[in-house]
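Everything on this sheet refers to the single structure shown next.
Residue numbering restarts at 1 for every chain, and letters A, B, ... go by the order of the sequence lines.
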Number of protein chains: 2
Amino acid sequence: MAKKKIDASTEEKIIEAARKVFTEKGYAATRTRDIAEEAGLNLALLNYYFRSKEKLFSLVMAEKIGQLFGVIAPIVNDDKTSLQEKIELIVPAYLNVLLQNPGLPLFVLSEIRNNPEHFSNRVQAGKILTQSILVKQLLEKQPNVNPLQFILNLLGMCIFPFVTKPVFEASGLLNNASFNQLIEERKTLIVKWVNLMLDN
Amino acid sequence: MAKKKIDASTEEKIIEAARKVFTEKGYAATRTRDIAEEAGLNLALLNYYFRSKEKLFSLVMAEKIGQLFGVIAPIVNDDKTSLQEKIELIVPAYLNVLLQNPGLPLFVLSEIRNNPEHFSNRVQAGKILTQSILVKQLLEKQPNVNPLQFILNLLGMCIFPFVTKPVFEASGLLNNASFNQLIEERKTLIVKWVNLMLDN
DNA sequence: AAATATTTTAATCATTTGATTAAAAATAGA
DNA sequence: TCTATTTTTAATCAAATGATTAAAATATTT
């Protein structure tokens, strides 16, 4: 039997096109033909390499969920850093990831809504939100407030502008440059704001 | 020529089913047959009353955008209330709308991303974000910070939990009751937090 | 070079899906 | 009641879409 020697270049062309089309239009609105065309090759090749639209999507989705949680997971579980330090690390790191991947949050969130079983990382995500060092430190600082409230604020202030970016674009309110400028300003502002919330 | 006497009950059955299916699954993943079945009637009736999937969707979408901006528009443009008062009015009012319509933000945002031209309200939305009384009052209070930063925080802290609700549900982290509890707590917390941001 | 294995393509299939049509059923008007 | 109008349905259409197939092109092995 012959060993499979897959041309990495072609495979990568397909998955790169899949990343683009899936994240832009979502699973349901994506046509496998769109991906093939974007990759500059035949539709049948897509199934030759990845068997089905569903399988290809799962790959992209897992990757994207990894990106969304990957940056923060090691930070929030570090017992060497203080609460204050964690916030100062998370905010700029996360905003940079999102600047590189503006459509990421809306893509992941809407696909999880459409198909919760696609959310394979749910266990890890749950642990970050309930059993991380960050949660313990938040509870120490403010024992009377559900730590989830602060996590929602911290992540929300980072993510929300990217979720609403299509609105800004559609209303002609912000071009790409001024949006990025806005986010750059937030890098220091969010840290200040979250500290204010925690100290009062 | 005969006057059209449409049975309001049937028409309403269809649009109510459309509201449900469209907001749950999004435009692309929705099948007109799903809507017909949900409404308990024939697929052809749907086209008899509403001509096309697209037209029916536009109706629902306009309605939903109205819900999303309707509550805040009159508040932010009121020149009789102070900045402080506006915040105290917006937060609980908006959270109540969202509690009644948890899927609303994610639906509207992802559909605008998929199809920006569906966003018919874009002019009005743009004005709220740039020319409202609220914006002027924010600028008076903090001339050195783009008022959009505060609006993003105010709306984001209200909306973000609802956008991430599918994640909480999928990870089994929060049931509906504890989610609602979390939001109830936020009604006073967000007001406090936003005031902190504006006073520092 | 010949044979074998792998990659790529054009053509095609079977299903799904939005929409239409023609007829039946229900309702209103005379 | 009889007729015209409106509402509802079953059947069907045409296009789109995910996937397969068989053959051609390319690469690898001997």
For this session: Nearest whole angstrom, please: distance from the P of D/dT17 to the CD of A/Glu37.
Result: 12 Å

Exercise. For B/Ser82 and B/Glu85, does a side-chain donor sit closer than 3.5 Å to a side-chain acceptor?
Worked result: yes

For this session: Give the B/S/- string for nucleotides 19-24 of chain C, one per nucleotide from 5' to 3', where a protein heavy atom under 4.0 Å of the base yields B, of only the sugar-phosphate yields S, and otherwise -.
Result: BBB---

Exercise. Under the salt bridge (charged side-chain N to carboxylate O under 4.0 Å, His left out) test, which residues partner B/Glu88, sequence neighbours left out?
Worked result: none

Exercise. Out of D/dT9, D/dG18, C/dT8, which nucleotide sits closest to the side chain of A/Arg31?
Worked result: D/dG18

Seminar exercise, completed: Rounded to whole Å, NZ of B/Lys55 lies from P of C/dG18 at a distance of 15 Å

Exercise. Could you give the CD1-to-P distance, from B/Ile35 to C/dT17, as a whole number of Å?
Worked result: 12 Å

Problem set entry | Protein-nucleotide distance (B/Tyr27, atom OH; C/dT17, atom C1'), rounded to Å | 11 Å

Exercise. Checking side-chain contact (heavy atoms from CB on, under 4.5 Å) against A/Val76, which of A/Thr81, A/Ile151, A/Leu134 comes through?
Worked result: A/Leu134

For this session: Send over the distance from A/Leu45 CG to C/dT8 P, rounded to a whole Å.
Result: 5 Å

Exercise. Can you tell me how far the CH2 atom of A/Trp193 sits from the CG atom of A/Leu154, to the nearest 0.5 Å?
Worked result: 12.5 Å

For this session: Any chance you could measure A/Phe22, atom CZ, to A/Leu59, atom CG, to the nearest 0.5 Å?
Result: 10.0 Å

Exercise. So, are A/Asp79 and A/Lys136 salt-bridged, with charged N and O less than 4.0 Å apart?
Worked result: no

